[in-house]
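Written out below as structure tokens is the structure these notes cover.
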Protein chains: 2
Amino acid sequence: MKVSREQVAIHRRRILDAASRLFRQKGFDAVGVDAVMKEAGMTHGGFYGHFASKEDLMARACAHGLALADDSWAAAAYPVAALAAAYLDQEHCDNPGDGCVLAALGADVSRQGKGVRHAFTAGFRERVDQLARLMPGHSRAAQRRRAIATWAGLVGSMVLARAVDDPALSREIQKAGVATFGEKPPDDRGRVRARRGRRAAAR
Amino acid sequence: MKVSREQVAIHRRRILDAASRLFRQKGFDAVGVDAVMKEAGMTHGGFYGHFASKEDLMARACAHGLALADDSWAAAAYPVAALAAAYLDQEHCDNPGDGCVLAALGADVSRQGKGVRHAFTAGFRERVDQLARLMPGHSRAAQRRRAIATWAGLVGSMVLARAVDDPALSREIQKAGVATFGEKPPDDRGRVRARRGRRAAAR
DNA sequence: TGTACATCAGTGAACGCGCGTTCACTGATGTAC
DNA sequence: TGTACATCAGTGAACGCGCGTTCACTGATGTAC
């Protein structure tokens with residue numbers, strides 16, 4: 001039966017929420033259109049009224065999942081440390097369905113089509129820009145380089161922490177990641193000290 | 001028809017080679033037993049004479065791919081820099097089928113069964129131990145922490161460099177990774193300098 | 001504001017297809033004599 | 001060393017199943033009057 005226009009929008013969002021969660025949990029290939037629609041509380045036949053194909057859904061679910069990310073770390077006194085600690089958390093490790101798209105679907109995305117990779121790339125760019133703005137460093141280029149490497153470190157740590165079947169090793173990976181990628185870069189600390197020194201001398 | 005015992009061993013190895021390559025290229029779910037056997041030059045029916053199930057093959061192909069890794073970087077003057085440069089290479093990025101299992105299958109492994117995760121974990125442990133031995137650092141614990149974080153950084157960089165659809169951004173990720181994870185840790189340089197200074201003073 | 005009807009979102013059966021796995025068969029291997 | 005035959009690795013057809021996608025149908029929505 002027909003439903004109201006608001007109901008259609010609600011249904012579409014429910015499909016995106018379900019797809020985004022299931023894809024992150026099990027990967028693109030292991031989740032069928034049927035499972036997504038069931039999780040969204042509907043039957044599979046109505047799917048093609050909302051999306052052109054499963055691939056279309058994959059791209060839009062990617063973008064949806066990347067748009068809804070947790071930003072609270074950005075307000076911390078030292079955002080990079082806050083991000084690393086929040087990211088490499090046991091709960092995040094145990095719940096990929098509610099977690100970062102980069103870590104959960106990065107490897108899957110590289111094997112997918114144009115639309116999926118484009119959505120993923122746009123989301124990644126936003127993350128890098130956001131982190132680069134908050135990254136201590138002397139130049140824009142260095143901030144950006146550090147932001148990219150920090151995201152790579154966090155994503156790699158999470159991928160490995162999830163893959164490994166020994167909980168102690170998994171926790172070790174998380175802790176190593178927090179310590180390494182969350183700490184103030186030592187040579188930067190040096191530069192900050194030098195700058196402060198120069199500023200103090202100028203007074 | 002029956003074949004000789006040596007031929008059986010050769011066939012088994014060919015199946016493992018094919019499976020290991022195809023799984024890294026396309027992921028576990030996207031590669032069927034049929035495709036693996038065809039790539040190995042046989043028909044699919046004979047598969048179950050070699051392996052108990054597809055899951056069995058996945059675990060053994062994982063171990064097989066991890067066992068055949070390139071070690072040449074370990075002989076370099078500064079192994080960590082050599083590893084990072086060799087790992088975050090355009091050719092490695094473009095050819096996951098012949099590349100590192102950690103980056104190609106890490107995310108997939110976390111969704112698989114006990115056998116696959118165990119094989120992956122064993123391979124990862126070996127990598128960490130090998131790199132930790134060659135890692136500059138003051139303590140075993142620090143060497144190990146750095147080795148884990150370095151592998152995480154390399155794996156994350158490769159996953160993201162492959163996922164992204166803009167070649168320029170992909171190369172930027174690779175370069176940021178080489179610069180960050182391949183460089184001598186700055187605080188370690190500090191310690192080395194301090195130690196050298198102490199040693200020079202003692203003379 | 002109330003009525004009549006065209007629209008169309010969601011349902012559930014159906015499709016062709018490829019998957020993992022099984023099995024009767026074949027014929028070269030390797031062993032017993 | 002030569003022969004006869006049991007073994008068994010690989011073949012290809014077949015299985016049940018779940019996938020992505022299509023479609024005739026249903027009945028509430030929303031519009032034209």
Side-chain angles (χ1 to χ4, degrees), chain A residues 1-23 25-62 105 108-109 111-116, chain B residues 1-23 25-62 105 108-109 111-116:
Chain A
M1 55 271 158
K2 195 175 177 178
V3 303
S4 72
R5 275 199 274 271
E6 302 123 85
Q7 203 50 243
V8 171
I10 290 169
H11 284 170
R12 185 188 162 92
R13 198 197 163 89
R14 276 222 283 259
I15 297 171
L16 280 173
D17 284 337
S20 177
R21 184 155 9 95
L22 288 172
F23 286 151
Q25 265 170 21
K26 309 186 183 183
F28 292 126
D29 291 352
V31 176
V33 167
D34 189 73
V36 170
M37 292 302 281
K38 187 174 277 178
E39 180 84 0
M42 295 156 70
T43 54
H44 65 275
F47 174 76
Y48 292 88
H50 288 278
F51 301 96
S53 63
K54 189 190 173 184
E55 175 134 20
D56 181 31
L57 174 68
M58 278 157 45
R60 289 180 202 279
C62 238
L105 291 173
D108 286 50
V109 165
R111 306 170 194 131
Q112 297 300 330
K114 218 176 147 179
V116 177
Chain B
M1 56 269 158
K2 195 176 179 179
V3 302
S4 72
R5 275 198 274 271
E6 302 124 84
Q7 203 51 244
V8 170
I10 290 169
H11 284 170
R12 186 189 161 92
R13 198 196 162 90
R14 276 221 283 259
I15 297 171
L16 281 172
D17 283 338
S20 176
R21 185 156 8 97
L22 288 171
F23 285 152
Q25 266 171 21
K26 309 183 184 187
F28 291 126
D29 290 351
V31 175
V33 167
D34 189 73
V36 170
M37 292 303 279
K38 186 174 276 180
E39 180 83 0
M42 295 157 68
T43 54
H44 65 276
F47 173 77
Y48 292 88
H50 288 278
F51 300 96
S53 64
K54 188 190 173 183
E55 174 134 19
D56 182 29
L57 174 68
M58 278 157 44
R60 290 181 202 278
C62 239
L105 291 172
D108 286 50
V109 164
R111 306 169 194 133
Q112 297 300 330
K114 217 176 149 179
V116 176

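Note on naming: letters A, B, ... go to the chains in the order of the sequence lines (proteins, then strands), and numbering restarts at 1 for each one.
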- prompt: Roughly how far, to the nearest 0.5 Å, is CE of A:M58 from OG of A:S20?
  reply: 12.5 Å
field: A:T43: partners by side chain to side chain contact (heavy atoms under 4.5 Å, CB included), with sequence neighbours left out
entry: none
field: Close residues, residues 29-37 of chain B, relative to DNA chain C [heavy-atom separation under 4.0 Å]
entry: B:V31, B:G32, B:V33
task: Calculate the interatomic distance between A:K38 atom NZ and D:dG18 atom P; express it in whole Å.
output: 10 Å
query: Of A:H50 and B:F28, whose nearest nucleotide on DNA chain C comes first from the 5' end?
result: A:H50
Enumerate the protein-to-nucleotides 22-25 of chain C contacts in which both atoms are nitrogen or oxygen and the separation is below 3.5 Å.
none

- request: Could you tell me the separation between the CE atom of B:M42 and the P atom of D:dA9, rounded to a whole number of Å?
  value: 11 Å
- request: At under 4.0 Å between heavy atoms, which parts of nucleotides 26-33 of chain D does protein reach? Answer with one letter per nucleotide, 5' to 3': B base, S sugar-phosphate only, - none.
  value: BBBBSS--
query: Nearest-Å distance, NZ (B:K54) to P (D:dG18)?
result: 16 Å
For A:R13, all residues meeting salt bridge (charged side-chain N to carboxylate O under 4.0 Å, His left out), sequence neighbours excluded: A:D17
Nearest-Å distance for atom pair NZ/P, residues A:K26 and D:dG18: 14 Å
field: Minimum side-chain heavy-atom gap A:F47-A:M42 below 4.5 Å
entry: no
- request: Report yes if the side chains of A:F23 and A:D108 come closer than 4.5 Å at any heavy-atom pair, otherwise no.
  value: no
query: A:F47 CZ to D:dG18 C1': how many Å, rounded?
result: 16 Å
statement: Whole-Å distance, A:I15 CD1 to C:dT11 C1', equals 14 Å
Dot-bracket line, read 5' to 3' along DNA chain D, where crossing pairs take [ ] and | marks a partner on another strand, Watson-Crick or G-U under 3.5 Å: .||||||||||||||||||||||||||||||||
message: To the closest 0.5 Å, what do you measure between NZ (A:K26) and CG (A:L105)?
response: 13.5 Å
task: Mind listing the closest non-hydrogen atom pair of A:F51 and A:I15 along with its distance?
output: CE1-CG2, 3.6 Å
- prompt: Can you check the B:L57 CG to C:dT21 C1' distance for me, whole Å?
  reply: 14 Å
field: Gap between atoms CZ and C1', on B:F51 and D:dA9 respectively (whole Å)
entry: 14 Å
- request: Can you see which heavy atom on A:C62 is nearest to which on A:V109, and at what distance?
  value: SG-CG2, 4.1 Å
query: Does anything in residues 45-54 of chain A pair up under side chain to side chain donor-acceptor pair (under 3.5 Å), and if so which pairs, sequence neighbours excluded?
result: none
- line: Sorted by chain and number, sequence neighbours left out, side-chain hydrogen bond (donor to acceptor under 3.5 Å, both in side chains) with B:Q7 holds for B:H11
query: Excluding sequence neighbours, so at least two apart, what forms salt bridge (charged side-chain N to carboxylate O under 4.0 Å, His left out) with B:R14?
result: none
Under 3.5 Å, sequence neighbours excluded: what are the donor-acceptor pairs made by side chains of residues 27-40 of chain B?
{"from": "B:D34", "atom 1": "OD1", "to": "B:H44", "atom 2": "ND1", "distance (Å)": "3.4"}
{"from": "B:E39", "atom 1": "OE2", "to": "B:R21", "atom 2": "NH1", "distance (Å)": "2.7"}

